[in-house]
Amino acid sequence: MTVINKLYRLMSFKIFRNWWVFAIVIVLVIGILFRFANLDRKFYWIDETYTSLRVSGYTEAEIIKQISYQKIISPSDLQKYQQINSEKTLSDTLNSLAIEDPQHPPLYYILARYWAQWFGTSVTAMRSLAALISLLVFPAIYWLAWELFESSAVAWMAIAIFAISPYHILFAQEARQYSLWTLTTILSSAALLRSMRPEENQNPIWLVSHWTLYAVTAAIGLYTHLLFVCVAAAHAIYVAVIANWRDVKTFVAYYVAALVALIAWMPSLLNTVENFNQIRSTTAWAEQTSLLRLVSRWAGAVSIAFFDIGIDGSASAAQLALLIPAGIMILGLVGYAIYFLCRQTPKRVWLLVLLLIATTAIFLALPDLLKGGRRSGNPRYLVPCYVGIQLAVAYLLSAKISNNLDNFKQQKLWNIVISVLFLAGIVSGGVSSQADTWWNKGSGWLGAELAVARIVNQASNPLIISDTNIAYIMPLSYRLEPKVKLLIEPRCYTACYKNRELASKKPEPPKIPGGFGELFLYRPSSVLRSAIGQQNYQINPAVGNVELNLWKITKK
């Protein structure tokens, strides 16, 4: 009977293992497809148009100098400043970042510049770089999970979770540096763990090569996003606790490697410090908010790691009825995963995972709690937190399905949990892939912009007059048809408003030209509205919804 039981267990284990290998492969394939599906569908929003602007080598100040009320332009004329041309070089890209966006390290923009030279500057081409980088996360997370847990089962589970995660799919489709930040966070953490292995310290050649790899990956991370300093802080604390001054060789090797990375980062850091007063204010994220609302944002930020169907602050009661129970279950799973990790693994494992979560979260949450704001609820700033959370969940799920082969009820329960988690990711990816906009692109604002584009495109021989920020005009230009014409005197969005020449410029109000079928006023200032009214024109909402900030101009 014992032999029969052993054979039964062996057969069950093989069937179970083959089934989950098949499921993980399917999930990985679906995750890859979602990263490249409908890349050009979602609105090319403000941040992405600024990626294209920096890559092209133009500055916002240049656009404003060259565009004025004196010239009627088409959307394609405006997109000239989003495209590569022979007039601008890589040095212009770096200069554009340095003087107008010094808070952004240059690495991603350098890569995007060369990518655009090879593949063009269409929306699909610009976003495909981030999607391609996101694929490198799969082998990287396998390496990190192996270094932490020394288990291929956990590593494969981590790949599956990262592959189907709505968060990672979403930012893999955005022409920004977030997928590269994810990759460098994972690679630098894995390189650190590899360098600290006791067996590696016995071979001087391997010791130097691994710490060199850590220094390189850390420097790349610092050149990718300023908040990588939180990852570096997590690594510093981890080494201090684990080495504990007793492992002098590891302690010294780490700080030499960290110093090398810091020295390599100095040019970018100095530029940021020197141009600190040029950094665009993020006042929207510093606005006061209640503690309850802030906590709800934190809960929502955790939930979207596994389930995200685009529900934002304007969610209906029916949507909330779905979101709240799902969010509670995900929070429960994440909380239990972290608890289980701390109880079942040695300090060298759980400490790194907790530090990846805590350093960034605390760095962002403290100002919000002390001074007010909601920076810590913005998922795009929480990349290291997601890496830590999803590693903890991967360990939990892998351990539960591997250690409960004799307990049919327990195994069935955790099989259901994994299946539901994978299904939630697949549903999220499917819904997102068909959407024109999403919460990460400012869904409320972009919904209005899509409506503005539809209204203007349906008009006969339309002209848009505006003096709004160039940041609103550039994204809109991607949705306007060629027949639409623009008469604009745009204002600055980034630090170019501190340009003395622009600050002293007082544009003349436009004279309404003839020859157009329908005239629209888009996001006008009070000065522009007054100037239009003085020319004997009547200004009325283009549609009943004045929140669109689109107005129709008719002769009195």
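The structure displayed is predicted, hence computed values, not measured ones.
- A donor-acceptor pair shorter than 3.5 Å cannot be found between the side chains of Arg41 and Ser433.
- Aromatic ring centres of Tyr50 and His104 lie farther apart than the 6.0 Å criterion allows.
- With hydrogens and angles left out, the side-chain atoms of Asp40 and Tyr478 include no donor and acceptor closer than 3.5 Å.
- Side-chain contact check for Glu60 and Tyr81: no donor-acceptor pair (N or O, by modelled atom type) lies under 3.5 Å.
- A ring pair (Phe, Tyr, Trp, His ring centres under 6.0 Å) with Tyr178 is found for one member of Phe228, Phe171, Tyr381 and no other, namely Phe171.
- Contact of the Leu369 side chain with the Leu294 side chain is registered, since non-hydrogen atoms from C-beta on lie closer than 4.5 Å.
- Between the side chains of Ser466 and Arg523, no donor-acceptor pair of N or O atoms lies under 3.5 Å.
- If you check the side chains of Ser128 and Trp115, you find a donor sitting under 3.5 Å from an acceptor.
- Between Asp77 and Ser74, the side chains place a donor N or O and an acceptor N or O closer than 3.5 Å (distance only, hydrogens not considered).
- When all heavy atoms of Pro75 and Glu481 are compared, the closest pair comes out as CG-O, 3.9 Å.
- Annotation for Cys385 and Ile357: closest pair SG-O, 3.2 Å, computed over non-hydrogen atoms.
- Residues Ser268 and Pro106 come closest through the heavy atom pair OG-CD, 3.9 Å.
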* Would Arg176 and Tyr109 count as a side chain to side chain donor-acceptor pair (under 3.5 Å) if you check the C-alpha gap in whole Å, the side-chain angles of each, and the deciding distance to 0.1 Å? -> CA-CA 9 Å; Arg176 299 293 277 178; Tyr109 299 89; 3.2 Å; yes
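- The main-chain N or O of Pro102 is found under 3.5 Å from a side-chain atom of Thr272 such that the two form a donor-acceptor pair.
- Judged purely by atom type and a 3.5 angstrom limit, Glu87 has no side-chain atom pairing as donor or acceptor with the backbone of Gly57.
- Side-chain atoms of Thr89 and Ser91 form a donor-acceptor pair, as typed in the model, at a separation below 3.5 Å.
- Between the Gln434 side chain and the Asn38 main chain, no donor and acceptor come within less than 3.5 Å of each other.
- Among the candidates Arg380, Arg127, Lys42, the single residue satisfying the salt bridge (charged side-chain N to carboxylate O under 4.0 Å, His left out) test with Glu174 is Arg380.
- Remark: side-chain polar atoms of Thr359 are paired, donor with acceptor, to backbone N or O of Cys230 under 3.5 angstrom.
- Of the N and O atoms on the side chains of Trp438 and Asp436, not one donor lies less than 3.5 Å from an acceptor on the other residue.
- Across all their heavy atoms, Val55 and Arg113 have their closest contact at O-NH1, 2.8 Å.
- A salt bridge links Glu62 with Lys88: the distance from a Lys NZ or Arg NE/NH1/NH2 to an Asp or Glu carboxylate oxygen falls below 4.0 Å.
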